[in-house]
Number of protein chains: 2
Amino acid sequence: MRTSGNIYRALADPTRRKILNLLSKDEHTQSDIVKEFDISQPAINKQLNILKKEGFVHESKSGRYRFYSLNTKVFAVAYQQMIDEIGAMLDQTLVDLKHYVENKEEDDD
Amino acid sequence: MRTSGNIYRALADPTRRKILNLLSKDEHTQSDIVKEFDISQPAINKQLNILKKEGFVHESKSGRYRFYSLNTKVFAVAYQQMIDEIGAMLDQTLVDLKHYVENKEEDDD
DNA sequence: AAGTTATATAACCATTAAGTTATATATTAA
DNA sequence: TTAATATATAACTTAATGGTTATATAACTT
């Protein structure tokens, strides 16, 4: 099985995170996406190509438009792997933190 | 409240991820850490300084040694924020994926 | 006091990253 | 067929990254 896209790289840039976030809600054309940013069309194009190459985003052509959508399966799997890797470093801490937050909430009620 | 360290940046580099992983298990001196890698001491020093600046790692001086440990609280909080941000994009997908995996396990038993 | 070990710092280098502007190409609309 | 729109690509700039080597400083060991 081919090792999944580099999610760490994908998430490292805020533009890419915002694109992923947009696509998680809906399919968008490239020009739609461009409108959501203050940067140029070629800049967005580059980031889309990166996300495409990593496999997190799917492109489909229709006329002069390119529709982009989140490749949820690929992204979800990479995400899970990341959680497994990073979350493991924090296992007990997260349990503790959860208790702490929960108790805090109780106190606040 | 000061916004938490940039976990996306911290995780973007494999050397930093490995350092964090080491420190999640135990405190280490810098030279201990250096031994775990094939790169130079100054290179490790740099990465440690980045992790320190982001607040994910704590340094304590003792003689000529520097002891490094994971700042678990800071890291856990940043991690949780990341999970909230990124996980939200995948909510339903993750539920589906879980069902899929669970059913698969059942079938395999 | 001299040598060794741990860490820090400076100067440097190559690569990558993330954007820009200008322009080309493809498709649709008038 | 001309104009407008959507996307792609090329060439460039600037800055950040992640390493290197050489050397300095600090602390311990003999």
Participant: Set out, in order, the CA-CA distance, both residues' side-chain angles and the distance that settles side chain to side chain contact (heavy atoms under 4.5 Å, CB included) for A:Y8 and B:R17, then state yes or no.
Facilitator: CA-CA 10 Å; A:Y8 299 108; B:R17 288 200 298 279; 3.4 Å; yes
Participant: Strictly distance-based, threshold 3.5 Å: is any side-chain N or O of B:N71 a donor or acceptor partner for the main-chain N or O of B:H58?
Facilitator: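 No.
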Participant: How would you summarise protein contacts on nucleotides 20-30 of chain D per nucleotide, using B for base, S for sugar-phosphate only and - for none, with heavy-atom distances below 4.0 Å?
Facilitator: BBB----SSS-
Participant: Got a donor-acceptor contact below 3.5 angstrom from the B:S62 side chain to the B:Y65 backbone?
Facilitator: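 Checking the backbone N and O of B:Y65 against the side chain of B:S62, no donor-acceptor pair under 3.5 Å is found.
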Participant: Begin with the C-alpha distance, continue with both residues' side-chain angles, and end with the deciding distance and a verdict on side chain to side chain contact (heavy atoms under 4.5 Å, CB included) for A:L51 and A:F75.
Facilitator: CA-CA 10 Å; A:L51 292 172; A:F75 190 53; over 6 Å; no
Participant: Are B:F67 and B:I33 grouped together when hydrophobic residues (ILVMFWY) are joined by side-chain heavy atoms under 4.5 angstrom apart?
Facilitator: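 No; tracing contacts between hydrophobic side chains, which count when under 4.5 Å, never links both residues.
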Participant: Please determine if a side-chain N or O atom of B:Q47 lies less than 4.0 Å away from the OP1 or OP2 oxygen of D:dT17.
Facilitator: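 The answer is no; no side-chain N or O of B:Q47 sits under 4.0 Å from OP1 or OP2.
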Participant: Donor-acceptor check, side chain of A:Q47 to backbone of A:R16, threshold 3.5 angstrom: yes or no?
Facilitator: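 No; zero donor-acceptor contacts below 3.5 Å.
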Participant: Just to be sure I understand the geometry, which residues of residues 7-32 of chain B put a non-hydrogen atom under 4.0 Å away from DNA chain C?
Facilitator: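 Those residues are B:T29, B:Q30, B:S31.
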Participant: Where the side chain of B:Q30 meets the backbone of B:R66, is there a donor-acceptor pair that is under 3.5 Å apart?
Facilitator: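 Between the backbone of B:R66 and the side chain of B:Q30 there is no qualifying donor-acceptor contact (under 3.5 Å).
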Participant: Does B:L70 reach the side chain of B:S24, with side-chain heavy atoms less than 4.5 Å apart?
Facilitator: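 Answer yes - side chains close enough.
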Participant: Regarding B:K18 and B:E36, does a basic nitrogen lie under 4.0 Å from an acidic carboxylate oxygen?
Facilitator: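 No, no charged N to carboxylate O under 4.0 Å.
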Participant: Measure from CG on A:L51 to P on C:dA18 and round the result to the nearest Å.
Facilitator: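 Atom CG in A:L51 sits about 10 Å away from atom P in C:dA18.
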Participant: Within this structure, what is the CD1-to-P distance between A:I44 and D:dA6, rounded to whole angstrom?
Facilitator: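 The answer, rounded to whole Å, is 15 Å.
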Participant: Can you give the dot-bracket line for DNA chain D, where a pair is Watson-Crick or G-U wobble with both atom distances under 3.5 Å, crossing pairs use [ ], and | marks a partner on another strand?
Facilitator: ||||||||||||||||||||||||||||||
Participant: Look at the side chain of B:H28 and the backbone N and O of B:D26, then say whether any donor-acceptor pair between them is shorter than 3.5 Å.
Facilitator: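 Indeed, once roles are kept as given, a pair shorter than 3.5 Å links the two residues.
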Participant: Roughly, in whole Å, what's the span from CD in A:E54 to C1' in C:dT16?
Facilitator: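 Result: 14 Å.
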Participant: Measure across B:A76 and A:T93 and return the closest heavy-atom pair with its distance rounded to 0.1 Å.
Facilitator: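 The pair with the smallest heavy-atom distance is CB-CG2, 3.6 Å.
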Participant: To the nearest angstrom, how far is A:N49 atom CG from D:dT7 atom P?
Facilitator: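 Between P of D:dT7 and CG of A:N49: 12 Å.
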